[in-house]
Structure formats: C-alpha cells, structure tokens
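Read the structure below first, then the notes.
All figures in this text were calculated on a predicted structure; none of them were measured in a lab. Along the sequence shown, residues are numbered consecutively beginning with 1.
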Amino acid sequence: MFVRDRMSRTPITITGDITVIDALNLMKAKSVRHLPVVNKDDRSVGMVSEKDLLYASPSPVTSLNVWEVREMLHLLTVNKVMNTKAITIDEGAPLEEAAVLMSANKISALPVTREKSLVGIITETDLFKAFLNLLGGNRGGVRITVIVSGVKGDMAKISNAIFGCGGDIVGLGMNELEEGDNLRWEVAFKIQGASKEKLVESILPFVKKVLDVRDQ
C-alpha cells in the first residue's frame, strides 16, 4: 500500500497572501484542518493547520482594543504564520513511511508531491482508515489473536491451517513482542468462513497461545 492509495487527491490549497480569517473560513466551509500553501507554479511552499491559524495574533495585540485586534487579524496573511519547512512525501512512498514521518515530527498531515508538484494530502485520519482496513475492522468475521514464535515458516503453517478448515483471512496485524532473546509475535487475524471453535482447533498446534477469540 502506497501513499497514493490513501491520500486525498486535488486537495484544497491556498496561497500565502490570503488572510488568516479567510483561511479559517475556508477550513470551516470545506471541513478540513490543514491547507497546503502553494506558489503560482503549484509547488508546495508550506503548510498551515487550523491550530496555526487559531493561535495567530499580531505581536502588539496586548496594546490594542478588541476592534483593533479584529482589524489586524483581517490583515494578517497566511505567509506570516504558515510552516515554511513543511515536510512533504512522494506519492509513490510506502504508506508506513508517511506514518513514520508524522510520528517522528509530531505532525498530523503531509503534502503529497509528484516531481515537486503538489498532487494530494495525507492525514492521520487517512492512516487510521488504512489501519482499520488492514485489520479487517470494517468486515464481519472471527477475530482471533495469538502468540506465535519467530521461527521461519510458522506463519505459513497457521495460514494453511486456517485455509484447511475453510477460513479466509480478510485482515491481519502483527506486533513484535520483546521477550529477551526469544522472538515472539502477537498476531491478530480477521477470518471469514469458519467458526471460532473450528479455527481454534485447527491453529492450536502451531501457536504458543491463543489470547482472544470473538465474533465481530
């Protein structure tokens, strides 16, 4: 899965010369929390978030009355408050690369580029939806969570056991566990086409422990 598969295409963009008030109104009208800022060549030059705009204020605000503050906010432009060092990601990058960048830089959206031109935006909400899809969260079936060893071939044996009892894997998530020198994985399967009882019976010989089984 790649960034292009989950990004929002043709994102709503602004130029840096529009006012903070206009940008906020646009966000409200379009129900978005991030606006990529582009130049006349449609190249990404920054990013502004709803938080950036809400916290924006003229520096001499403490000496102004409420009407003067409102007037200055109507004059304050986005290029004064936007992040000009916005991190971008190529549309062909793996989806997990976007997640790593967002996590490492504590940001919730990335402009997506193709040969430096802006072609989309990917947000934490897009990643959350992808996570649900990978785990089969929107599909019915049996959710079974097990502990498996890190021995090569064990996952193939478990998969074959699931298929052998008529099950079809429609979601999968893996989490590496830290247990000293012993490699262990916590694995969650979403399976359709087989009962809980039959699945547990079929995979039990190939797992260390069954942690949870439930219909969803």
Item to complete: Compare every heavy atom of Ser202 with every heavy atom of Ala161, then report the nearest pair and how far apart it is.
Response: CB-O, 3.5 Å
Item to complete: Measure the spacing between CD of Gln216 and CG of Leu135 and express it to the nearest 0.5 Å.
Response: 9.5 Å
Worksheet item: Taking the side chain as C-beta and beyond, is there a heavy-atom pair between Ile162 and Phe189 under 4.5 Å?
Response: yes
Fill in: Side-chain touch Leu118/Val112, heavy atoms, less than 4.5 angstrom
no
Discussion item. Please say yes or no: joined through hydrophobic side-chain contacts below 4.5 Å, possibly via intermediate residues, are Leu95 and Leu172 part of one cluster?
Written reply: no
Worksheet item: Rounded to the nearest 0.5 Å, how far does NE2 of His34 lie from OG1 of Thr13?
Response: 15.5 Å
Worksheet item: Looking at OG1 of Thr123 and CE of Met7, how far apart are the two atoms once the value is rounded to the nearest 0.5 Å?
Response: 12.5 Å
Fill in: Residue pair Leu35 / Ala23: nearest heavy atoms and the distance that separates them
CD1-O, 3.9 Å
Discussion item. I'd like to check Val148 versus Glu186 (side-chain heavy atoms, cut-off strictly below 4.5 Å). Are they in contact?
Written reply: no
Practice prompt. State, yes or no, whether a side-chain contact exists between Val20 and Lys80 at a heavy-atom distance under 4.5 Å.
Written response: no
Worksheet item: Ile169 versus Lys190: any side-chain heavy-atom pair under 4.5 Å?
Response: no
Fill in: Residues that Arg114 engages under salt bridge (Lys or Arg N to Asp or Glu O under 4.0 Å), provided they are two or more places apart
Glu91
Worksheet item: Is there a path from Met155 to Phe163 through hydrophobic residues (I, L, V, M, F, W, Y) whose side chains come within less than 4.5 Å of each other?
Response: yes
Worksheet item: Going hydrophobic residue to hydrophobic residue with side-chain gaps under 4.5 angstrom, can you get from Phe131 over to Val100?
Response: no
Item to complete: For the residue pair Ser8 and Asp126, establish whether any side-chain heavy-atom pair is separated by less than 4.5 Å.
Response: yes
Worksheet item: Got a second to check how far Arg184's CZ is from Asn175's CG, nearest 0.5 Å?
Response: 14.0 Å
Worksheet item: Linking I/L/V/M/F/W/Y whenever their side-chain heavy atoms sit closer than 4.5 Å, directly or via other members, would Ile12 and Val81 fall into one cluster?
Response: yes
Fill in: Shortest non-hydrogen contact from Thr88 toward Ser44
CG2-OG, 4.0 Å
Discussion item. Using side-chain heavy atoms (C-beta onward) and a distance below 4.5 Å, is Leu53 in contact with Val48?
Written reply: yes
Discussion item. So which atom in Ala194 and which in Cys165 form the shortest heavy-atom distance, rounded to 0.1 Å?
Written reply: CB-O, 3.9 Å
Worksheet item: Can you tell me how far CD1 of Ile107 sits from CE of Met47, rounded to the nearest 0.5 angstrom?
Response: 7.5 Å
Worksheet item: In the single-linkage hydrophobic clustering (I, L, V, M, F, W, Y; side-chain heavy atoms under 4.5 Å), do Ile158 and Val213 co-cluster?
Response: yes
Discussion item. Please determine whether side-chain hydrogen bond (donor to acceptor under 3.5 Å, both in side chains) holds for the pair Ser149 and Asp154, giving the CA-CA distance in whole Å, both sets of side-chain angles, and the decisive distance to 0.1 Å.
Written reply: CA-CA 7 Å; Ser149 73; Asp154 273 5; 2.4 Å; yes
Practice prompt. Would you mind checking if Arg214 and Asp212 are paired as a salt bridge, meaning a charged N to carboxylate O distance below 4.0 Å?
Written response: yes
Practice prompt. Mind checking the CD1-CG spacing from Ile18 to Leu76? Nearest 0.5 Å is all I need.
Written response: 11.5 Å
Worksheet item: Taking the side chain as C-beta and beyond, is there a heavy-atom pair between Leu204 and Val210 under 4.5 Å?
Response: yes
Worksheet item: If every non-hydrogen atom of Thr113 is compared with every non-hydrogen atom of Val119, which pair is closest and at what distance?
Response: C-CG2, 3.9 Å
Discussion item. With salt bridge (Lys or Arg N to Asp or Glu O under 4.0 Å) as the rule and sequence neighbours excluded, what pairs involving residues 5-34 come up?
Written reply: Arg33-Glu124
